[in-house]
Each structure stands twice: as C-alpha cells, then as structure tokens.
Amino acid sequence: MPELPEVETIKRDLDPLIRGKTITAVTVSRSTVIKEPGVRQFKRLLLNARCRRIFRRGKLLVVELDSAAGRELFLTVHLKMTGQLVIGPADPKSRVSFHLSDGMVLSYNDQRALGELRVVKDWRLLNVVRGMGPEPLSAGFTAEMFARELHGRSTKIKPLLLDQTFIAGIGNIYAAEALFLSKIAPQRKANTLSQSESKRLFKNIRSILEKAIQCRGSSFNNYRDGLGKKGTFTRHFTVYSRKGEPCVCCKEPIRKMTLGGRGTYFCAQCQK
DNA sequence: AATCGTTCCTGATAGC
DNA sequence: TGCTATCAGGAACGAT
C-alpha cells in the first residue's frame with residue numbers, strides 16, 4: 001500500500017517529466033474513481049491544462065496546473081490501496097489516462113479502484129488535507145512536539161500512528177516497522193511512553209521513512225514507482241507480513257494481532 | 001475522546 | 001482438484 005515513502009518516490013519520479021507539459025487528452029475507463037467534479041467537468045477542466053509541478057502532502061499527490069482558461073487548478077490523487085500513477089506508453093489497464101503534449105501518457109492504474117481523483121480550485125480545502133497532522137520529515141516538527149502530543153493521548157500507539165490527523169503519511173507497514181525498531185509494543189497507550197521511548201520512536205519513524213525513500217518504497221503487493229518499477233524496501237521488513245518467521249533480533253516467531261481493525265505484526269519478546 | 005462497525009473494491013488464498 | 005468464503009486495508013462516516 002502506498003505510504004509516505006512510496007508517494008514521495010512517485011512525486012520525485014514524475015515531477016521532472018511533467019513540468020511544462022500540456023494535457024492533450026483525458027480518457028476515463030472507470031468513472032467511479034473520479035470523485036469531484038463530474039467526469040465531464042473533470043475532463044473539460046484538464047483538457048489543454050499545463051502542468052506546473054507535482055508535490056506531496058501526507059499520502060496525497062497534488063498536480064498543480066494552469067487551466068486552458070488561465071486559472072490555477074489542482075489535480076489530486078489518493079492512491080489508497082492499489083493505486084499507481086505511472087508515466088510511459090499508454091497502458092490498456094489504466095482507469096484514467098492523461099495524454100501529454102510530448103506523447104507520453106500519465107496512467108492512473110488501480111486494481112481495486114479504491115483510489116480517489118479530484119480536480120479542485122484549492123487542494124487545501126479537501127477534507128483529507130484539512131486537519132492533517134504534521135509531516136514527519138519536516139524540520140519544523142520536533143521530537144519535543146511529538147512527545148507532547150503523545151502525552152495527551154490515551155489511545156493505543158499503533159492505531160494513533162495510522163491516524164492521519166495525528167501525523168501524516170504513515171501507514172500499516174511503517175507503523176509496524178517503526179515500533180519494532182523502537183522496541184515498543186503496538187498496544188501500548190500513547191501516554192504511557194516514557195520521554196526516551198517517545199524520542200526513540202520519533203527518530204526511528206524518521207529513519208525508517210528515509211531509508212524506505214532511499215529504497216524507492218516497498219512493493220509488498222502492487223506498488224510501482226512513477227516509472228512502473230518496484231521498490232526494494234520489502235526485503236528490509238523486520239515484522240510486517242512476517243507472521244511465524246523468526247524475529248531478526250531474538251528468533252522468537254513474529255506474531256500478528258488486530259488493533260483498530262488492522263493487521264498488526266510484532267515481536268512479543270522484543271517489543272515491550 | 002476512544003472505539004467499533006460499515007462502506008468502497010477485487011485478487012489472492014485459506015479451508016473444506 | 002476445485003470451489004467458495006474470507007482477507008487485505010486507507011479513510012470517511014455514523015453509532016456507542
């Protein structure tokens with residue numbers, strides 16, 4: 001599932017390739033992924049629009065455009081579980097295709113069609129963006145801020161890390177990996193973490209996200225980067241999807257439980 | 001505020 | 001072997 005490192009990789013791949021390009025055609029084969037406005041309007045607004053840049057906020061991709069009418073527009077893409085945004089030759093499996101002025105095609109692929117595409121005047125007004133928590137890798141977000149926020153919460157730490165209004169961009173894989181690296185049990189209440197545990201978790205969230213970005217993401221199921229290639233962080237998983245396999249640290253079998261409705265992998269021996 | 005269930009969706013797979 | 005029920009989960013939403 002695309003989380004911050006995967007979405008960041010896509011953003012970095014696509015940005016230099018779409019800058020200044022004009023959208024010459026939009027084809028839609030699965031209209032339900034287009035959430036706003038209607039499909040006709042969606043196509044009309046994007047036709048002959050010019051791409052300025054693409055950026056990321058949390059797990060959301062945002063393409064900044066100048067419309068044919070000279071207005072500022074934003075195409076937002078949330079990949080959810082199986083979404084892919086890939087530039088290259090036309091892809092017959094795509095749900096939505098954006099044909100570009102240089103002959104390349106930006107394809108939105110999505111096996112399960114849970115993703116969401118929008119064209120909006122102001123991306124900051126989207127529900128998913130309003131109230132979104134801090135970017136874990138931004139310089140303005142400090143270990144002290146993180147510790148203070150944890151202190152005020154009585155909810156379990158692992159579901160809290162998945163809460164996008166608490167911190168942006170972390171999903172099921174990196175929450176599990178960061179907690180293992182920090183030796184913190186996923187069911188611990190956030191406000192029971194000591195200062196040193198909070199600080200350790202903060203640092204490890206950053207290091208795991210940075211390392212995953214270096215690896216161009218985790219292709220656990222069907223994630224692909226902006227050029228259609230797999231990421232390699234999957235081979236660095238310590239707990240995620242490793243139920244029954246020996247812990248890399250103590251050899252105890254990795255366990256799986258459900259927390260907040262999500263599969264949660266952990267080592268009962270190492271994580272306290 | 002925290003927690004739970006429901007919805008969306010389709011391919012992989014566990015279990016009979 | 002072959003079928004079917006279950007599972008995977010990001011996020012919004014409503015109920016408790």
Side-chain angles (χ1 to χ4, degrees), chain A residues 1-8 10 28-36 39 56-62 76-85 91-96 108-118 120 123-133 135-136 148-179 186-193 209 212 217-224 230 234 237 239-245 254-266:
Chain A
M1 55 253 33
E3 305 179 24
L4 187 152
E6 289 76 27
V7 179
E8 178 67 20
I10 293 169
V28 177
S29 63
R30 180 60 172 260
S31 58
T32 57
V33 300
I34 294 171
K35 306 296 179 183
E36 188 179 347
V39 176
R56 177 191 65 77
R57 172 76 171 102
K59 300 175 193 171
L60 190 74
L61 283 164
V62 183
T76 68
V77 180
H78 198 306
L79 302 169
K80 291 286 182 82
M81 297 299 297
T82 56
Q84 304 172 344
L85 197 59
D91 186 341
K93 299 187 311 300
S94 78
R95 306 297 195 176
V96 182
Y108 178 70
N109 305 330
D110 192 345
Q111 178 188 96
R112 287 161 64 180
L114 289 170
E116 304 188 341
L117 275 62
R118 291 182 168 79
V120 294
W123 66 282
R124 283 159 284 246
L125 299 180
L126 291 178
N127 279 339
V128 71
V129 174
R130 285 191 327 211
M132 193 182 277
E135 285 290 330
R148 206 180 311 129
E149 291 298 322
L150 285 185
H151 196 68
R153 299 295 209 107
S154 60
T155 186
K156 296 182 177 77
I157 184 65
K158 197 259 187 171
L160 185 60
L161 293 179
L162 298 182
D163 180 350
Q164 302 301 298
T165 69
F166 180 74
I167 186 168
I170 299 174
N172 213 25
I173 293 172
Y174 299 107
E177 294 296 321
L179 286 168
Q187 72 274 24
R188 284 271 300 280
K189 303 277 180 121
N191 57 13
T192 67
L193 268 63
L209 294 176
S218 306
S219 289
F220 171 66
N221 44 20
N222 63 352
Y223 160 74
R224 294 294 182 276
K230 293 186 179 187
T234 318
F237 285 178
V239 287
Y240 188 82
S241 84
R242 295 192 65 245
K243 181 185 175 185
E245 294 178 40
I254 297 301
R255 294 214 247 154
K256 186 186 184 186
M257 65 175 166
T258 299
L259 275 189
R262 315 271 170 87
T264 301
Y265 299 89
F266 65 106

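- The minimum heavy-atom distance between A/Ile173 and A/Ser218, with the atom names listed, is CD1-CB, 4.4 Å.
- The A/Leu114 side chain lies nearest to B/dC8 when the options are C/dA11, B/dT3, B/dC8.
- Dashed line: the shortest gap from a side-chain N or O of A/Lys80 to OP1 or OP2 of C/dA12 is not under 4.0 Å.
- For the pair A/Asn127 and C/dA12, the criterion of a side-chain N or O lying under 4.0 Å from OP1 or OP2 is not met.
- A sub-4.0 Å separation between OP1 or OP2 of C/dG10 and a side-chain N or O of A/Arg262 is present.
- Counting any heavy atom pair closer than 4.0 Å across all strands shown, A/Gly263 reaches sugar-phosphate atoms only and no base atom.
- The separation between A/Asn222 atom CG and B/dT10 atom C1' is 11 Å, rounded to whole Å.
- A/Tyr240 comes within 4.0 angstrom of sugar-phosphate atoms only, judged by non-hydrogen atoms across all strands, and of no base.
- Between A/Phe166 atom CZ and B/dA2 atom C1' the separation is 14 Å, expressed in whole Å.
- A/His78 has no side-chain polar atom (N or O) that falls below the 4.0 Å cut-off from OP1 or OP2 of C/dG10.
- A/Arg57 has a carboxylate O that lies under 4.0 Å from a charged side-chain N of A/Glu135, or vice versa, which qualifies the two as a salt bridge.
- Across all strands, A/Met81 comes closer than 4.0 Å to base atoms (heavy-atom distances).
- In this structure, A/Ser154 reaches the sugar-phosphate backbone alone: every heavy-atom distance under 4.0 Å involves primed, P, OP1 or OP2 atoms, never a base.
- For the pair A/Leu61 CG and C/dA11 C1', the computed distance is 16 Å after rounding to whole Å.
- Atom CG in A/Asn109 sits roughly 15 Å away from atom P in B/dT10 (whole-Å rounding).
- In this structure, the CG atom of A/Leu160 is 12 Å from the C1' atom of B/dA1, given to the nearest Å.
- Among the nucleotides B/dA2, B/dT10, C/dG10, the one closest to any side-chain atom of A/Arg95 is B/dT10.
- Dashed line: the shortest gap from a side-chain N or O of A/Gln164 to OP1 or OP2 of C/dA11 is under 4.0 Å.
- Using a 4.0 Å cut-off between charged nitrogen and carboxylate oxygen, A/Arg118 and A/Glu116 count as a salt-bridge pair.
- Here the options are A/Asn109, A/Ile10, A/Leu60, the test is side-chain contact (heavy atoms from CB on, under 4.5 Å), and the partner is A/Leu79; only A/Ile10 passes.
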Report the C-alpha separation of A/Thr155 and A/Arg153 in whole Å, then their side-chain angles, then the decisive distance to 0.1 Å, and conclude whether the side-chain hydrogen bond (donor to acceptor under 3.5 Å, both in side chains) test is met. CA-CA 6 Å; A/Thr155 186; A/Arg153 299 295 209 107; 5.9 Å; no
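- In summary, of the residues considered (A/Val96, A/Val28, A/Asp91, A/Ile34), a side-chain contact (heavy atoms from CB on, under 4.5 Å) with A/Tyr108 occurs for A/Val96 alone.
- In this structure, A/Glu3 reaches neither bases nor backbone, as no heavy-atom distance under 4.0 Å exists between it and the strands shown.
- The NZ-P distance, from A/Lys59 to C/dG9, rounds to 12 Å in whole Å.
- Applying the 4.0 Å criterion to OP1 and OP2 of B/dC8, one finds that A/Arg30 has every side-chain N and O outside that range.
- Of the side-chain N and O atoms in A/Arg112, none sit less than 4.0 angstrom from OP1 or OP2 of C/dA8.
- Contact annotation for A/Lys256: backbone-only contact, meaning every heavy-atom pair under 4.0 Å involves sugar-phosphate atoms and none involves a base.
- The residue among A/Tyr265 and A/Val129 whose nearest nucleotide of DNA chain C lies closer to the 5′ end is A/Tyr265.
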